[in-house]
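Heads up: the structure comes next, in structure tokens.
From a predicted model like this one, the values you see are computed outputs, not experimental measurements.
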Amino acid sequence: MDLEKHPAAPAPVAAAPAALRASDADRDRIAEILSHAVAEGRLTAEEHSERLDSLYALKTVGELEVLVGDLPAGAAAASVPAPGPAGLPAAATSGPAETVVAVFSSSARKGRWRPGARTRAVSVLGDITIDLTEAVFEQQVTEINVTSVLGNVEVLVPENVTLRGYGGGVLGNFEVRGEGVESDPQAPVVIVRGFALLGNIEAHPKAGSRLVDLAQKFRKRLDG
């Protein structure tokens, strides 16, 4: 048999970037674009809310790009492949994410503090409280990523802040209360993403706690 007459099998073709499964870095990049768009007045608070809800339900990079296709940053990035695992997400350019860890111990962030755009909380047989009721928000969207293993994590927000949750657990509890509550359209959005393994993660508004001047402060920051 003359093997040289048989063509070699074609090399596998890499999947187009748009068909790739979206990573956390991809979602961080899109969330940052949406955050800038609402701050610049290109999106209304309602449009921003709708697109942010879709952000964590979509699966591929191409589907995510549709959310920002009509925005300047999104259109400019449409022809550029999404950053690989070694690349930094867009949100990370504003500084590293703060990390709160409790291993056989307890830890808390509360009072007059400035949460970054992203905060990581890891509880292993420990207790963590992240209290945002007196926090000074310096960005429209604040994301808290929580992992609880045989631990307990509680996130408290003011009543007029928009709260959203995406997560679950294995023999554990992931609960976000107050997602349907009417909030200030100019107030920050707090996203809690988490996974509980034999642990507990709860996020909810703190009764009676309201940042009544949030909208005014946000407008002054835009005008200044």
Starting at [atom1] of [X], measure out to [atom2] of [Y] and round the result to the nearest 0.5 Å.
| X | Y | atom1 | atom2 | value |
| --- | --- | --- | --- | --- |
| Arg118 | Arg193 | CZ | CZ | 9.5 Å |
| Arg27 | Tyr166 | CZ | OH | 10.5 Å |
| Lys59 | Leu20 | NZ | CG | 15.5 Å |
| Glu98 | Arg120 | CD | CZ | 11.0 Å |
| Glu202 | Asn152 | CD | CG | 6.5 Å |
| Glu65 | Ile30 | CD | CD1 | 4.5 Å |

For the student: nearest non-hydrogen atoms of [X] and [Y], plus distance:
| X | Y | answer |
| --- | --- | --- |
| Asp127 | Ala102 | O-CB, 3.7 Å |
| Ser123 | Gly151 | OG-CA, 3.4 Å |
| Val192 | Phe174 | O-CZ, 3.7 Å |
| Arg114 | Val136 | NH1-CG1, 3.3 Å |
| Pro158 | Thr133 | CG-CA, 3.8 Å |

query: Is a side-chain donor-acceptor pair under 3.5 Å present for His204 with Glu175?
result: no
field: Pair Asp131, Thr129: side-chain N/O donor-acceptor within cut-off below 3.5 Å
entry: no
Hey, any chance [X] and [Y] share a hydrophobic cluster, counting ILVMFWY side chains that come within less than 4.5 Å of each other, even indirectly?
| X | Y | result |
| --- | --- | --- |
| Val170 | Val124 | yes |
| Ile191 | Leu156 | no |
| Leu198 | Val149 | yes |
| Phe104 | Leu197 | yes |
| Phe195 | Ile144 | no |

- prompt: Looking at Val146, Val153, Thr119, which one forms a side chain to side chain contact (heavy atoms under 4.5 Å, CB included) with Val100?
  reply: Thr119
field: Student check: side-chain heavy atoms of Val155 and Val176 closer than 4.5 Å
entry: no
field: Test log, rule side-chain contact (heavy atoms from CB on, under 4.5 Å), inputs Val190 and Leu132
entry: CA-CA 9 Å; Val190 176; Leu132 299 169; 4.0 Å; yes
message: Quick one: does any side-chain atom of Gln139 pair with a main-chain N or O of Pro115 as donor and acceptor, under 3.5 Å?
response: yes
